[in-house]
S.K.: 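Just dropping this structure here.
Remember, predicted model here, so these are calculated numbers, not experimental data. Values reported hereafter were calculated over all heavy atoms of this structure, with side chains retained and with hydrogens, waters and symmetry mates removed. In what follows, chains are A, B, ... by sequence order, proteins preceding strands, each numbered from 1.
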Number of protein chains: 2
Amino acid sequence: MSFLKMVRKLVTSYQSLEKLGSKYIRTLGFTSGQFDVIVTLGNQPPMSCSELAEKTLMVKGNLTVILDGLLKKGLINKTPNPIDGRGIIVSLTEKGEETFVRIFNAHLAYLEPLAKSFSDEELTELINNFDSILRKIDNFNRLDRK
Amino acid sequence: MSFLKMVRKLVTSYQSLEKLGSKYIRTLGFTSGQFDVIVTLGNQPPMSCSELAEKTLMVKGNLTVILDGLLKKGLINKTPNPIDGRGIIVSLTEKGEETFVRIFNAHLAYLEPLAKSFSDEELTELINNFDSILRKIDNFNRLDRK
DNA sequence: TAATATTAGTTCAAGTTTGAACTAATTGTC
DNA sequence: GACAATTAGTTCAAACTTGAACTAATATTA
C-alpha cells in the first residue's frame with residue numbers, strides 16, 4: 001500500500017516542480033513543450049523526430065505541432081535525412097542556440113535558490129532513486145508488452 | 001549542475017509512470033483528471049472545490065469541467081455549502097463510491113507487478129526523499145512569493 | 001452598516017495534447 | 001526484385017487545460 005503513497009508523492013513532487021517551472025517558462029514566451037524541445041536539442045547533436053519524441057516522451061503528433069511553432073520562430077531547422085528519405089533531422093538555428101543558452105541560464109538562475117537547498121549527497125541519492133524507479137518501470141513495461 | 005540532472009530524472013520517472021497509468025485508466029473509461037478527482041474524493045470526507053483543486057493541483061476552471069463530466073456520469077453530488085453560500089460540497093454518490101473501489105483496485109492490480117518490485121525499505125526511503133523535495137519546493141515558493 | 005476587498009465557483013476563448021488515419025519511404029522475405 | 005510489413009512524419013478532429021473575466025457571497029474596515 002505504501003507503493004501508492006510513494007507514487008502519489010512522486011506525482012505531487014513533479015506537479016509542484018512543473019507548475020513552478022512552467023509559470024516561469026511562460027514569462028519567457030515559451031510553452032513547456034517548446035522549452036522541452038529546445039533544451040533537448042541544446043544538449044545534443046541534431047536528431048530525428050522519432051528520437052526527439054522518445055527523449056521528450058511526446059507523441060509524434062504533438063511534436064510536429066511544436067516543431068512548427070519553433071520553425072515559425074526561426075529557432076530550428078528541418079533538413080531531410082540523407083540516409084533515410086522518410087526522415088528529417090532537426091537542429092537548432094544560430095538563433096535557436098542563443099535562445100537555448102539564454103532561457104536555460106535564466107531558468108537556472110530562477111531555480112538557483114531551490115537548487116542550493118540540495119546537498120551533493122542528497123542529489124546523488126535522489127538520482128540513484130530515480131534510476132532505480134526507471135529501471136523498474138522499464139522491467140514492468142517489458143513484462144506488460146508480452 | 002546535478003540538480004538539473006535530478007530534475008530531469010524526476011520528470012522522466014513521472015512521465016513514464018503517468019504514461020503507463022493513464023493508458024490503463026483510459027481503458028477504464030476515465031481521463032486522468034477524472035481519475036484523480038475520484039481517487040481524491042474516495043479517500044477523504046466530502047470537500048469544497050477549492051480544497052479539491054488544491055489537493056489535485058488543478059486550476060479551478062479545469063476542475064469545474066471535470067466535475068461536470070463526473071456529474072453527468074452520476075458519480076458525484078454537488079450540494080450547497082451550508083456554512084458558506086458561495087461554496088459547494090463535492091461528494092461521491094453511491095455509484096461513485098463503487099466506481100472508486102472498482103477502478104482503484106483494478107489500477108492496483110494492474111500495477112501490482114511494479115509495486116512488488118519495491119521493497120518496504122526502498123519505499124520508505126523514497127517517501128522520505130520526496131517529502132524532502134516537497135518541503136524544499138514549499139520553501140522556494142514561499143521565498144518566491146515575497 | 002456601508003464601502004471595499006477577498007474568496008468560491010463558473011464561463012469561455014485560445015492554446016495544447018492526444019490518438020487515429022494517412023502518405024511516403026524503407027526493410028524484410030519469398 | 002516484387003509484395004507485404006514496418007517505420008517516419010503529418011494531419012486533423014476531439015478532448016483537455018489554462019487563464020482571465022465574470023457573478024455572487026462573505027470578510028474586512030472604517
S.K.: With respect to the side chain of A/Lys78, which nucleotide from D/dT10, C/dT10, C/dT18 is positioned closest?
M.R.: D/dT10
S.K.: Assign each of A/Met58 and B/Gly61 to its nearest nucleotide of DNA chain C by heavy atoms, then name whichever residue's nucleotide is nearer the 5' end.
M.R.: B/Gly61
S.K.: Does B/Phe140 have its ring centroid less than 6.0 Å away from the ring centroid of A/Tyr110?
M.R.: yes
S.K.: Select from B/Ser22 and A/Phe30 the residue whose nearest nucleotide in DNA chain C is closer to the 5' end of that strand.
M.R.: A/Phe30
S.K.: Return the value, rounded to whole Å, for the distance between atom CD of A/Glu51 and atom P of D/dT7.
M.R.: 16 Å
S.K.: Using whole Å, report how far CG of A/Leu63 lies from C1' of C/dT18.
M.R.: 13 Å
S.K.: B/Glu54 has an atom CD; how far is it from atom C1' of C/dG9, in whole Å?
M.R.: 16 Å
S.K.: Without decimals, in angstroms, what is the distance between B/Leu67 CG and C/dA8 C1'?
M.R.: 13 Å
S.K.: If you check every side-chain atom of B/Thr64, which of C/dA8, C/dT17, C/dG9 has the closest atom?
M.R.: C/dG9
S.K.: Select one nucleotide: of D/dC16, D/dT17, D/dG9, the one nearest the side-chain heavy atoms of A/Ile88.
M.R.: D/dG9
S.K.: Taking NZ, NE, NH1 and NH2 as the nitrogens, is one of them in A/Glu97 or A/Arg102 under 4.0 Å from a carboxylate oxygen of the other?
M.R.: no
S.K.: Ring centres under 6.0 Å, that's the criterion: do A/Phe3 and B/Phe118 meet it?
M.R.: yes
S.K.: Please state how far atom CD in A/Gln15 lies from atom C1' in D/dT18, giving the value in whole angstrom units.
M.R.: 15 Å
S.K.: Counting the atoms with a prime plus P, OP1 and OP2 as sugar-phosphate, which does B/Gly87 contact under 4.0 Å by heavy atoms, base, sugar-phosphate, or nothing?
M.R.: sugar-phosphate
S.K.: Between C1' on D/dA13 and CG on A/Asn62, what's the gap in Å once rounded to a whole number?
M.R.: 15 Å
S.K.: Checking contacts here: which listed nucleotide (D/dT10, C/dT16, D/dC16) is nearest the side-chain heavy atoms of A/Arg26?
M.R.: C/dT16
S.K.: Choose from C/dT10, C/dG19, D/dG9 the nucleotide whose nearest atom is closest to any side-chain atom of B/Lys60.
M.R.: C/dT10
S.K.: For C/dG9 and B/Ser50 - does any side-chain N or O of the residue sit under 4.0 Å from the phosphate oxygens OP1/OP2?
M.R.: yes
S.K.: Donor-acceptor pair under 3.5 Å: do we get one between B/Arg86's side chain and the base of C/dT7?
M.R.: yes
S.K.: Mind calculating the distance between CZ (B/Phe35) and P (D/dA15) to the nearest angstrom?
M.R.: 21 Å
S.K.: Using the side-chain heavy atoms of B/Val59, tell me which of these nucleotides is nearest: C/dG9, C/dT16, D/dT18.
M.R.: D/dT18
S.K.: Rounding to a whole Å, what distance do you find between A/Tyr24:OH and D/dT18:P?
M.R.: 21 Å
S.K.: Scan B/Ser32 against the nucleic acid and name what it touches under 4.0 Å (heavy atoms): base, sugar-phosphate only, or nothing.
M.R.: nothing
S.K.: Which nucleotide sits closest to the side chain of B/Ile66: D/dA8, D/dT17, D/dC16?
M.R.: D/dT17
S.K.: So what does A/Asp84 hit on the nucleic acid, given a heavy-atom distance under 4.0 Å: a base, only sugar-phosphate, or nothing?
M.R.: sugar-phosphate
S.K.: Would you find more than 12 non-hydrogen atoms of other residues, nucleotides or ligands less than 6.0 Å from B/Lys116 atom NZ?
M.R.: no
S.K.: Please check if the number of heavy atoms outside A/Glu54 that lie under 6.0 Å from its CD is greater than 12.
M.R.: no
S.K.: So, for A/Cys49 and A/Leu63, which heavy atoms are closest and what is the spacing to 0.1 Å?
M.R.: O-CD2, 3.2 Å
